[in-house]
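Data block below; observations after.
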Amino acid sequence: MENGMNQDLSKGIISFVGWGTGATLPGRHPERIEDPHLKHQVLAVISQADEEKPGDQDLWVWAAWVGEKLSSTHPEISQDAIEAIIALITFEWR
């Protein structure tokens, strides 16, 4: 970890989602992560985002709240990884 940032976890999340990697749409791609320990860590973070439901609030307000919550809970994750998770959950809830 550099400066408290876990680059492997952040890159794993981005790869899992496909955000910023040339993929047209965000998705769930566990096959992109070869290391079983890293895959487990990525899936654990994604599952925390999945636990949150937008209810009747605006999708973008909810997504921003989820991003803030994940940033607070996981300060070791880069902002790019948080944005990848937001892209995934908002795409799936549209």
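For the numbers below, each heavy atom of this structure counts, side chains included, while hydrogens, waters and symmetry mates do not.
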Are any non-hydrogen side-chain atoms of Arg32 and Phe16 less than 4.5 angstrom apart? no
Counting C-beta onward and ignoring hydrogens, is there a side-chain heavy-atom pair between Gln79 and Ser71 closer than 4.5 Å? yes
Approximate separation, where rounding is to 0.5 Å, of Thr90 OG1 and Leu59 CG: 5.5 Å
Apply the side chain to side chain contact (heavy atoms under 4.5 Å, CB included) test between Gln41 and each candidate in Ile46, Leu9, Ile13, Asp35; give the one that qualifies. Leu9
Rounded to the nearest 0.5 Å, what separates atom NE2 in His74 from atom CG in Asn6? 11.0 Å
Restricting to non-hydrogen atoms, name the atom on Ala49 and the atom on Leu70 that form the minimum distance, rounded to 0.1 Å. CB-CD1, 3.9 Å
Using the rule that Ile, Leu, Val, Met, Phe, Trp and Tyr join whenever any side-chain heavy atoms are under 4.5 Å apart, tell me whether Ile85 and Trp93 fall into a single cluster. yes
Separation of Ser15 OG from Ile33 CD1 (nearest 0.5 Å): 5.5 Å
Within a strict 4.5 Å, meaning less than it, do heavy atoms of the Lys39 and Glu34 side chains meet? no
Any chance you could measure Lys69, atom NZ, to Glu51, atom CD, to the nearest 0.5 Å? 7.5 Å
Apply side-chain contact (heavy atoms from CB on, under 4.5 Å) to residues Leu43 and Arg28 and explain how you reach the verdict. CA-CA 10 Å; Leu43 292 174; Arg28 295 171 187 261; over 6 Å; no
Of all heavy-atom pairs between Met5 and Glu76, which one has the smallest distance, and what is that distance? SD-O, 3.2 Å
Determine, using the 4.5 Å side-chain heavy-atom cutoff (strictly less than), whether Phe91 and Trp60 are members of one ILVMFWY cluster. no
What one should report as the nearest heavy-atom pair of Ala87 and Pro26 is O-CG, 3.5 Å
Ile86 reachable from Trp65 in the ILVMFWY side-chain graph, under 4.5 Å edges: yes
Residue pair Val17 / His29, side-chain heavy-atom distance below 4.5 Å: no
Shortest non-hydrogen separation from Glu52 to Trp62 and the atoms involved: O-CZ2, 3.2 Å
When you compare the side chain of Thr73 with that of Gln48, does any pair of heavy atoms fall below 4.5 Å? yes
What distance do Glu83 atom CD and Ser78 atom OG have between them, rounded to the nearest 0.5 Å? 8.5 Å
Heavy-atom distance under 4.5 Å between the side chains of Val42 and Lys11, does that happen here? no
How close do Gln57 and Pro54 get, counting heavy atoms only, and between which atoms? CG-O, 2.9 Å
